[in-house]
Amino acid sequence: MRKLIVGLFMILLPTLGLAAGVAVPLDSMEPDHTNKESLQRGAATFANYCMGCHSLEYARYKRVADDIGVPVELYEENLIFNGAKVGELMKISMNKDMAGSWFGSPPPDLTLESRLRGEDWIYSYLRGFYKDESRPLGVNNVVFDNVGMPHVLVDLQGLCAVKPAIGHKSSVDPLSGNIRNADVCTEWALEGSMTSAEFDRAMYDLTNFLSYMGDPVMVERERLGMFALIFIVIFTLVAWLLNREYWKDVH
Ligand code: HEC
């Protein structure tokens, strides 16, 4: 019995670790790797706004182009800016040591970021920047306190003057009928070119793309899984029939 209790405790241990990691409330997002349009928009945003600093160095351009359904020539023309060949790994030329001294810490590679932090975290982080004059770059992040990354999407989102309400579900105020937390930000210091809903959508696509990056074979795996299950069902049936046939004459 004691062994059983210790065993159960050991099984539950990792969940304690998980619980410790989630200190800030997050908005959730459900990735969909079959939504190619979303992945394509995410890849475009990543190439335009993120790849100056972050590499995806465990992936190759060609594989990504094939997976998200962009013809290789189109991908090469529009989404590769550093003259790399499509067969190459998605590296960047930024010097990590120098970047470290510019930003406080170097921008990490993001190929496996969705595995490390999870999609909810990335989706919330990208929407979590706000104005904070006490920081060297004038911005902070509700999900990643004292972040070294600049708010690179400020043109699109604008700059929130207060802490955005990440992780607070919108609800209807019973007295006034107004919707609370309809928008993550209640006061803007700078207007962006997108509305909040458009920006959320763009960040959904970008997170979806990073989610695909962390698990590029998910769609294929699920498809194969279906076949494996169908095979097991048919095989069980055959094995059962065979078993019945063998034992038919044994009394
Ligand atoms: C100007 C350079 C720069 C650009 C452009 C940039 N980042 Fe960053 N990013 C950083 C730096 C520096 C850090 C490390 C921050 C720290 O550790 O304080 C970082 C950290 C991150 C992290 C958190 C990594 C972790 O787990 O610690 C994510 C996620 C991220 N960036 C995503 C993006 C995305 C998506 C884009 C494009 C929209 C982007 N970044 C554009 C510099 C940049």
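Whatever order the structure lists them in is the order used to number ligands and atoms, beginning at 1.
Taking atom 21 (C) of ligand 1 as the reference point, the nearest protein heavy-atom neighbour is Tyr125 OH, 3.4 Å. Summary of contacts: the protein heavy atom closest to atom 37 (C) of ligand 1 is Cys50 SG, 1.8 Å.
Ligand 1 has no nitrogen or oxygen under 3.5 angstrom from a nitrogen or oxygen of Val152. For the pair Trp121 and ligand 1, the shortest N or O to N or O distance does not fall below 3.5 Å. Polar contact check, Ser105 against ligand 1: a nitrogen or oxygen pair lies under 3.5 Å apart. For ligand 1, one of its N or O atoms has an N or O atom of Glu113 under 3.5 Å away.
Counting only heavy atoms from C-beta outward, the side chains of Val219 and Val217 never approach each other to under 4.5 Å.
The shell of residues lying under 4.0 angstrom from ligand 1, judged by heavy atoms, excludes Gly104. Using a 4.0 angstrom heavy-atom cutoff, Phe144 counts as in contact with ligand 1.
Listed by number with element, the atoms of ligand 1 under 4.0 Å from a non-hydrogen atom of Leu206 are 35 (C), 38 (C). Close contacts of ligand 1 with Gly148, meaning ligand atoms under 4.0 Å from a residue heavy atom, involve 15 (C), 16 (C), 18 (O).
Nearest heavy-atom pair, Asp132 versus Ser134, reported as atom, atom and distance to 0.1 Å: OD1-OG, 2.7 Å. The heavy-atom pair separating Leu56 from Phe209 by the smallest distance is CD1-CE2, 4.0 Å.
Residue contacts with ligand 1, taken as heavy atom pairs separated by less than 4.0 Å, involve Leu110 solely via side-chain atoms from C-beta onward. Neither the backbone nor the side chain of Ile122 comes within 4.0 Å of ligand 1, counting heavy atoms alone.
Using a 30° and 60° split on the angle between ring planes, Phe129 and His151 fall in the parallel class, below 30°.
Environment of CZ in Phe103: crowded, with over 12 heavy atoms of neighbouring residues, nucleotides or ligands closer than 6.0 Å.
The backbone N or O of Asp120 sits nowhere less than 3.5 Å from a side-chain atom of Ser28 that would complete a donor-acceptor pair. Within the 3.5 Å criterion, the main-chain N or O of Gly69 finds a donor-acceptor partner in the side chain of Gln40. In this structure a side-chain-to-backbone donor-acceptor pair under 3.5 Å is present from Thr236 to Ile232.
When the options His151, Arg117, Met149, Met94 are ranked by their closest heavy atom to atom 27 (O) of ligand 1, first place goes to Arg117. For atom 1 (C) of ligand 1, the choice among Gly100, Ala99, Cys53, Pro108 with the nearest heavy atom turns out to be Cys53.
For the pair Arg223 and Phe227, the cation-pi criterion (under 6.0 Å, within 45° of the ring axis) is not fulfilled.
Both Leu153 and Leu190 are part of a single hydrophobic cluster, where members link through side-chain heavy atoms under 4.5 Å apart.
His54 lies close to atom 8 (Fe) of ligand 1, since one of its N, O or S atoms is found at a distance under 2.8 Å.
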